[in-house]
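Everything quoted here is computed from the prediction, not taken from an experiment.
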Amino acid sequence: MEGSRATPHPEVPGEPKKTTTALREKATAAIQVFGPINKIHQHLCAFHFYAHDMTRQLEAHHFCGHQNEEVRQCLIYDSPESDARLIGIEYIVSEELFLTLPDEEKPMWHSHEFEVKGGYLFTPGVPGPIQRKDLEKVCKTYGKTIHFWQVDRGDNLPLGIPQVMMALTRDGQLYDHLAQDVEKRYGVNFMEDRKNRAYMEGLKHGMHPLANAAGKGLRTVLRETDCKPPLESVPRVFV
């Protein structure tokens with residue numbers, strides 16, 4: 001089914017994990033400290049589409065941690081299950097920080113106001129009143145998302161060039177079957193959540209015209225160029 005989680009989920013190639021590997025993992029886990037991973041405190045579920053092709057939509061599970069009150073960083077998986085594939089990353093910043101970015105950078109960032117107030121971004125398993133307190137802040141942010149693994153087309157490894165992703169900005173963009181599938185699996189109701197979030201204040205300065213790919217398609221391409229040699233190999237000239 002195009003655009004839904006029901007797209008092919010091929011098995012990742014490779015020899016199955018051995019018992020000895022699992023034992024080594026347990027041993028190192030008991031010794032090492034996983035500081036960056038332990039900072040993850042939140043699971044957000046939302047929808048992304050490719051910045052160059054809105055027909056390619058997918059469910060995206062964000063596992064996020066705060067750097068500070070204005071910056072979050074998220075690992076993105078294709079599901080919340082233990083065998084989920086790490087498909088991308090997202091950086092989330094406040095509106096104030098977004099406005100400091102160079103104009104050539106802004107098109108790679110997307111706004112979150114519509115997907116929050118529209119009900120499409122949610123924290124699975126978290127009660128509505130608690131969830132809304134944090135989403136009041138997310139509503140006023142921008143995100144920069146890169147996907148490395150194109151799971152929507154059935155790739156069994158992260159193939160191709162990393163691509164910039166975008167988020168919903170208005171009604172009519174998200175496939176109905178994708179929305180209904182997520183609502184059913186997580187027991188949420190997007191339209192009901194929309195009503196409950198109507199009070200939220202969005203971006204103070206409104207959606208920036210250069211954000212969300214400036215309303216155009218945005219595709220990452222690979223270009224051959226000269227490779228600069230290390231400084232040691234550059235002949236030195238003394239005067």
Next item on the list: Could you tell me whether the side chain of Asn212 and the main chain of Ser111 form a donor-acceptor pair under 3.5 Å?
Entry: yes
Checklist line | Pairwise distance CG(Leu168) to CZ(Phe114) - rounded to 0.5 angstrom | finding: 6.5 Å
Margin query: Can you tell whether the side chains of Lys106 and Asp103 come within less than 4.0 Å, N to carboxylate O?
Written below: yes
Notebook entry, point to check: In terms of ring plane angle, is the pair Tyr50 and His52 parallel, tilted or perpendicular, where the classes change at 30° and 60°?
Noted result: perpendicular
Checklist line | Beyond-backbone contact of Arg132 with Tyr199, side-chain heavy atoms, under 4.5 angstrom | finding: yes
Checklist line | Leu135 side, atom CG; Asn196 side, atom CG - distance, nearest 0.5 Å | finding: 11.5 Å
Next item on the list: Using the ring-ring contact (aromatic ring centres under 6.0 Å, His included) rule, take His208 and His110 through it: C-alpha gap first, then chi angles, then the decisive distance, then the call.
Entry: CA-CA 9 Å; His208 195 284; His110 59 265; over 10 Å; no
Notebook entry, point to check: Between the main-chain N or O of Glu81 and the side-chain N or O of Ser79, is there a donor-acceptor pair closer than 3.5 Å?
Noted result: yes
Notebook entry, point to check: Going through the checks in order, is the side-chain hydrogen bond (donor to acceptor under 3.5 Å, both in side chains) test met by Glu96 and Thr100?
Noted result: CA-CA 7 Å; Glu96 289 72 20; Thr100 68; over 6 Å; no
Next item on the list: Mind checking the CZ-CD spacing from Arg197 to Glu113? Nearest 0.5 Å is all I need.
Entry: 13.0 Å
Item checked: side chain to side chain contact (heavy atoms under 4.5 Å, CB included) evaluation trace for Met54 with Met166 -> CA-CA 9 Å; Met54 194 178 291; Met166 291 291 153; over 6 Å; no
Next item on the list: Check whether any side-chain heavy atom of Thr220 lies under 4.5 Å from a side-chain heavy atom of Val164, and answer yes or no.
Entry: yes
Next item on the list: Using the rule that two of Ile, Leu, Val, Met, Phe, Trp, Tyr join whenever any of their side-chain heavy atoms come within less than 4.5 Å, decide whether Tyr77 and Ile37 are in one cluster.
Entry: yes
Item checked: CZ on Arg170 to CE on Met207, rounded to 0.5 Å -> 10.5 Å
Notebook entry, point to check: Where does the angle between the aromatic ring planes of Tyr186 and His61 fall among parallel (under 30°), tilted (30 to 60°) and perpendicular (over 60°)?
Noted result: tilted
Check: Rounded to the nearest 0.5 Å, how far does CG of Leu75 lie from CD1 of Ile87?
Finding: 11.0 Å
Margin query: Could you check whether any side-chain heavy atom of His66 comes within less than 4.5 Å of a side-chain heavy atom of Lys39, counting everything from C-beta outward?
Written below: no
Item checked: Test salt bridge (charged side-chain N to carboxylate O under 4.0 Å, His left out) applied to Glu59 and Arg185, step by step -> CA-CA 12 Å; Glu59 179 182 334; Arg185 281 189 287 112; 2.4 Å; yes
Next item on the list: Indicate yes or no for a side-chain donor-acceptor contact from Asn189 to the backbone of Glu192 under 3.5 Å, with no hydrogens or angles considered.
Entry: yes
Note to self: Walk me through whether Glu105 and Lys144 qualify under salt bridge (charged side-chain N to carboxylate O under 4.0 Å, His left out).
What the structure shows: CA-CA 10 Å; Glu105 170 72 17; Lys144 181 179 183 180; 2.9 Å; yes
Notebook entry, point to check: Should the pair Phe122 and Phe190 be assigned to parallel (<30°), tilted (30 to 60°) or perpendicular (>60°) ring geometry?
Noted result: tilted
Next item on the list: Applying side-chain hydrogen bond (donor to acceptor under 3.5 Å, both in side chains) between His62 and each of His43, His48, Gln42, report the one that passes.
Entry: His48
Item checked: Side-chain donor/acceptor of Glu201 to backbone N/O of Glu136, under 3.5 Å -> no
Next item on the list: Look only at the side chain of Lys117 and the backbone of Met200, and say whether a donor-acceptor pair between them is shorter than 3.5 Å.
Entry: yes
Next item on the list: Calculate, to the nearest 0.5 Å, the distance between atoms CG and CD belonging to Leu44 and Gln131 respectively.
Entry: 8.5 Å
Check: Can you name the nearest heavy-atom pair linking Tyr91 to Trp109, along with the distance?
Finding: O-CZ3, 3.5 Å
Notebook entry, point to check: Is there side-chain contact between Leu178 and Phe47, with heavy atoms separated by less than 4.5 Å?
Noted result: yes
Check: Taking all non-hydrogen atoms of both residues, which atom of Asp193 and which atom of Gly119 are closest, and how far apart?
Finding: CB-CA, 4.0 Å
Next item on the list: Check whether Val71 and Phe63 end up in the same hydrophobic cluster, where Ile, Leu, Val, Met, Phe, Trp and Tyr are linked by side-chain heavy atoms less than 4.5 Å apart.
Entry: yes
Next item on the list: Heavy atoms only: give me the nearest Ala211-Phe98 pair and the separation to one decimal.
Entry: CB-CZ, 3.8 Å
Item checked: Short side-chain to backbone donor-acceptor contact, Asp152 and Arg56, under 3.5 Å -> no
Check: Are any of the side-chain heavy atoms of Ile89 and Thr145 separated by less than 4.5 Å?
Finding: no
Note to self: I'd like to know if Arg72 and Glu90 make a salt bridge, using a cut-off of under 4.0 Å between side-chain N and carboxylate O.
What the structure shows: no
Item checked: Close side-chain approach of Arg153 and Leu159, heavy atoms under 4.5 Å -> yes
Margin query: I'd like to check Tyr142 versus Glu95 (side-chain heavy atoms, cut-off strictly below 4.5 Å). Are they in contact?
Written below: yes
Margin query: Please check: side-chain N/O of Thr123 versus main-chain N/O of Val126, any donor-acceptor pairing under 3.5 Å?
Written below: no
Item checked: Shortest non-hydrogen contact between Leu86 and Ile76, atoms and distance -> CD1-O, 3.5 Å
Checklist line | Steps toward side chain to side chain contact (heavy atoms under 4.5 Å, CB included) verdict (Asp134, Val138) | finding: CA-CA 7 Å; Asp134 185 63; Val138 179; 3.7 Å; yes
Next item on the list: Determine, stepwise, if the pair Asp171 / Arg194 fulfils salt bridge (charged side-chain N to carboxylate O under 4.0 Å, His left out).
Entry: CA-CA 12 Å; Asp171 286 319; Arg194 177 178 297 198; 2.8 Å; yes
Next item on the list: For Leu218 and Pro107, work out which heavy atoms get closest and say how close.
Entry: CD2-O, 3.8 Å
Item checked: Joint hydrophobic cluster, Met191 plus Val188, side-chain heavy atoms closer than 4.5 Å -> yes
Checklist line | Transitive ILVMFWY side-chain link Val182 to Tyr120, under 4.5 Å | finding: yes
Check: Does one hydrophobic cluster hold both Ile146 and Ile161, with members joined at side-chain heavy-atom distances below 4.5 Å?
Finding: no
Item checked: Worked check of side chain to side chain contact (heavy atoms under 4.5 Å, CB included) between Thr55 and Tyr175 -> CA-CA 9 Å; Thr55 67; Tyr175 287 129; 3.4 Å; yes
Next item on the list: Using a 4.5 Å cut-off on heavy atoms from C-beta on, say whether the side chain of His112 contacts that of Cys139.
Entry: no
Check: Would Cys64 and Gln73 satisfy side chain to side chain contact (heavy atoms under 4.5 Å, CB included), going step by step from the backbone distance to the final call?
Finding: CA-CA 6 Å; Cys64 309; Gln73 52 189 18; over 6 Å; no
Next item on the list: Please report the closest heavy-atom contact between Leu97 and Val93, naming both atoms and the distance.
Entry: CB-CB, 4.1 Å
